[in-house]
> 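Take this structure first; my questions come after.
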Amino acid sequence: MVTYQDVFKNEEIKTYIQTADQSLMALGFTEHSFAHVVRCANVAHTVLISLGYDDRTSELAKIAGYMHDIGNVINRIDHAQSGAVMAFRILDKMGMEPSEVARIITAIGNHDEHTAQPVSELAAALILADKSDVRRSRVREKDISLFDIHDRVNYSVTESFLRIDTEERLFNLVLTIDTSICQVSEYFEIFLDRMLLCKRAARFFDFTFALTINNTRLM
């Protein structure tokens with residue numbers, strides 16, 4: 001059985017994550033390196049554990065979260081699909097069962113908001129994990145005067161947390177935003193498609209998705 005620790009320690013995968021992030025840095029994108037993918041892995045795992053899924057299914061979601069952005073090493077465009085193909089080759093070579101490889105690459109291939117659909121529990125958990133990772137530490141530019149809207153929105157977020165309420169059947173993305181840096185309207189300007197995708201992912205589990213900013217529920 002190929003475990004999350006096996007994947008986490010794999011030097012080939014580490015190289016792809018690092019090189020992909022270097023390409024995105026050159027293009028001006030926010031951080032997509034180990035801080036992002038490890039967070040996605042942990043949140044995807046937590047989502048499924050909290051909903052009562054078995055340990056192995058939850059571990060597969062964790063693996064998908066860790067590997068989901070490796071396709072950026074090829075190109076940002078269609079990176080979900082190219083990443084899924086790369087993950088197939090890597091996991092197959094590591095000896096993972098085809099049925100488990102299939103579940104992981106389905107999730108990876110369905111995480112980008114332009115093409116994604118929550119077609120499985122792994123895909124839905126990965127979507128929620130990936131699209132909820134908004135935080136100041138993802139911003140690379142140090143000069144605030146040079147920030148674009150993506151930098152401003154991420155830098156303005158001083159706290160973020162995906163709260164899972166199983167009794168209310170609610171996923172609530174709770175953000176604290178410094179409105180002197182970014183107005184709430186700017187958040188929706190660039191992240192509306194991602195939040196709508198999170199709503200679809202929540203519906204897969206028969207949950208509702210909410211967005212709360214500065215103690216005000218907006219979705």
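Just so it is clear, the values below take in all heavy atoms, side chains as well, and ignore hydrogens, waters and symmetry mates. Please read these numbers as outputs of a predicted model, since none were measured by experiment.
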> Would you say the side chain of Ile90 lies within less than 4.5 Å of the side chain of Ile70, judging by non-hydrogen atoms?
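Of all side-chain heavy-atom pairs linking Ile90 with Ile70, at least one is under 4.5 Å.
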
> For atom CD1 of Ile77, is the number of surrounding heavy atoms from other residues, nucleotides or ligands below 6.0 Å larger than 12?
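Count not over threshold, so no.
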
> If I take atom NE2 from residue His111 and atom OG1 from residue Thr106, how far apart are they, to the nearest 0.5 angstrom?
13.5 Å

> How far apart are the closest heavy atoms of Gly65 and Cys40, and which atoms are they?
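Residues Gly65 and Cys40, closest heavy atoms: O-CB, 3.9 Å.
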
> Is the CG atom of Asp148 crowded by more than 12 outside heavy atoms at less than 6.0 Å?
yes

> Hey, is Arg152 close enough to Glu186 for a salt bridge, meaning N to O under 4.0 Å?
yes

> Can you find a side-chain donor-acceptor pair between Glu121 and Thr57 that sits under 3.5 Å?
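No, Thr57 and Glu121 have no side-chain donor paired with an acceptor closer than 3.5 Å.
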
> How about Glu168: does its CD atom have over 12 heavy atoms from other parts shown lying under 6.0 Å from it?
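Atom CD in Glu168 is not crowded, with 12 or fewer foreign heavy atoms closer than 6.0 Å.
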
> Rounded to the nearest 0.5 Å, what's the gap from CZ on Arg136 to CD on Glu159? Could you check?
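The distance works out to 10.5 Å.
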
> Near Glu97 CD, under 6.0 Å, is it more than 12 heavy atoms from other residues, nucleotides or ligands?
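No, the 6.0 Å shell around CD holds no more than 12 heavy atoms from other groups.
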
> Let me confirm one number: the CZ-CD distance from Arg39 to Glu31, rounded to the nearest 0.5 Å.
10.0 Å

> Can a donor-acceptor pair be found, under 3.5 Å and without considering hydrogens, that links the side chain of Glu141 to the backbone of Asp143?
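Pair found, side chain donor or acceptor close to backbone of Asp143.
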
> If hydrophobic clusters are built by linking Ile, Leu, Val, Met, Phe, Trp and Tyr wherever their side-chain heavy atoms come under 4.5 Å apart, do Leu122 and Val38 end up in the same one?
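As far as the 4.5 Å side-chain criterion goes, Val38 and Leu122 are connected within one cluster.
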
> Compute whether any side-chain donor of one residue and acceptor of the other, for His32 and Asp21, lie under 3.5 angstrom apart.
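Side chains of His32 and Asp21: no pair found under 3.5 Å.
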
> Side chains of Asp55 and Ser58: any donor to acceptor distance under 3.5 Å?
no

> Look up atom OH in Tyr155 and atom CD1 in Ile181, then write down how far apart they are to the nearest 0.5 Å.
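These two atoms lie 6.0 Å from each other.
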
> Can you tell me how far apart CD (Glu113) and CG (Leu192) are? Round to the nearest 0.5 Å.
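Going from the CD atom of Glu113 to the CG atom of Leu192 covers 11.0 Å.
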
> Got Val37 and Met67 here, is their nearest side-chain heavy-atom distance under 4.5 Å?
no

> For Asn110 and Thr115, which heavy atoms make the closest approach, and how far apart are they?
OD1-O, 4.1 Å

> Are Val184 and Leu196 linked, directly or through other ILVMFWY residues, by side chains that come within less than 4.5 angstrom of each other?
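Same cluster: Val184 reaches Leu196 through Ile, Leu, Val, Met, Phe, Trp or Tyr contacts under 4.5 Å.
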
> Angle between ring planes, Tyr66 versus Phe8, binned at 30° and 60°: parallel, tilted or perpendicular?
tilted

> Between Arg138 (side chain) and Asn154 (backbone), is there a donor-acceptor pair under 3.5 Å?
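No: the side chain of Arg138 does not pair with the backbone of Asn154.
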
> Do the side chain of Thr19 and the main chain of Tyr16 share a donor and acceptor less than 3.5 angstrom apart?
no

> With side-chain contact (heavy atoms from CB on, under 4.5 Å) as the criterion, how do Leu24 and Arg76 come out once you've worked through the C-alpha distance, each side chain's angles and the decisive distance to 0.1 Å?
CA-CA 8 Å; Leu24 293 181; Arg76 180 63 179 173; 3.8 Å; yes

> Looking at Phe188, I'd like to know if its CZ atom is crowded, meaning that more than 12 non-hydrogen atoms belonging to other residues, nucleotides or ligands lie closer than 6.0 Å.
yes

> When rounded to the nearest 0.5 angstrom, what distance separates CG in Leu128 from CZ in Phe205?
6.5 Å

> Hey, are the side chains of Met1 and Arg56 touching, using non-hydrogen atoms and a 4.5 Å cut-off?
yes

> Establish, from distance only, whether the side-chain atoms of Thr158 and Asp178 form a donor-acceptor pair under 3.5 Å.
no

> At their closest point, which heavy atom of Ile63 faces which heavy atom of Thr3, and how far apart are they?
CD1-C, 4.0 Å

> Does a side-chain N-to-carboxylate-O contact under 4.0 Å join Glu100 and Arg103?
no

> Decide whether Val134 and Phe34 are clustered together by the hydrophobic rule: side chain heavy atoms of Ile, Leu, Val, Met, Phe, Trp, Tyr closer than 4.5 Å, transitively.
yes

> Quick one: do Leu48 and Phe171 end up in the same hydrophobic cluster if we chain Ile, Leu, Val, Met, Phe, Trp and Tyr together by side-chain heavy atoms under 4.5 Å apart?
yes

> Do any N or O atoms from the side chain of Ser120 and from the backbone of Ala123 form a donor-acceptor pair under 3.5 angstrom?
yes

> With the side chain counted from C-beta on, respond yes when Tyr187 and Leu175 share a heavy-atom pair under 4.5 Å apart, and no when they do not.
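Yes - at least one pair of side-chain heavy atoms lies under 4.5 Å apart.
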
> Please check this pair: side chain of Asn214 against backbone of Ile177, looking for a donor-acceptor N/O pair closer than 3.5 Å.
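Yes.
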
> If you measure from the Lys or Arg side-chain nitrogens to the Asp or Glu carboxylate oxygens, is any gap between Lys14 and Glu11 under 4.0 Å?
yes

> Just so I know, are the side chains of Met86 and Ile74 near enough to count as touching, which here means a heavy-atom distance under 4.5 Å?
yes

> Less than 6.0 angstrom from the centroid, inside 45 degrees of the normal: does Lys199 satisfy that with respect to the ring of Phe209?
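Judged by the rule (NZ or CZ under 6.0 Å from the ring centre, within 45° of its axis), Lys199 is not positioned above Phe209.
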
> Using the rule given for salt bridge (charged side-chain N to carboxylate O under 4.0 Å, His left out), can you reason through Glu12 versus Lys93, listing the C-alpha separation, both sets of side-chain angles and the distance that settles it, and then say yes or no?
CA-CA 11 Å; Glu12 181 181 1; Lys93 187 170 65 174; 3.1 Å; yes

> Do Asp130 and His36 pair up side chain to side chain, a donor and an acceptor below 3.5 Å, judged on atom types alone?
yes

> Taking the side chain as C-beta and beyond, is there a heavy-atom pair between Ile164 and Val47 under 4.5 Å?
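Counting from C-beta outward, Ile164 and Val47 do come under 4.5 Å.
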
> Under 4.5 Å between side-chain heavy atoms, counting indirect links through other Ile/Leu/Val/Met/Phe/Trp/Tyr residues: same cluster for Val43 and Ile108 or not?
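Both belong to a single hydrophobic cluster.
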
> Run the side-chain contact (heavy atoms from CB on, under 4.5 Å) check on Arg140 and Thr30 step by step: do they pass?
CA-CA 6 Å; Arg140 305 180 198 266; Thr30 53; 5.7 Å; no

> Within a reach of under 6.0 Å around CZ of Arg163, are more than 12 heavy atoms found that belong to other residues, nucleotides or ligands?
no

> Any donor-acceptor pair under 3.5 Å linking the side-chain atoms of His79 with those of His68?
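Judged by distance alone, the side chains do not pair up.
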
> Less than 4.5 Å apart, side chain to side chain, heavy atoms only: is that true for Leu211 and Ile213?
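Leu211 reaches Ile213 side chain to side chain.
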
> Quick one: does Leu91's side chain get under 4.5 Å of Ile104's, heavy atoms only?
yes

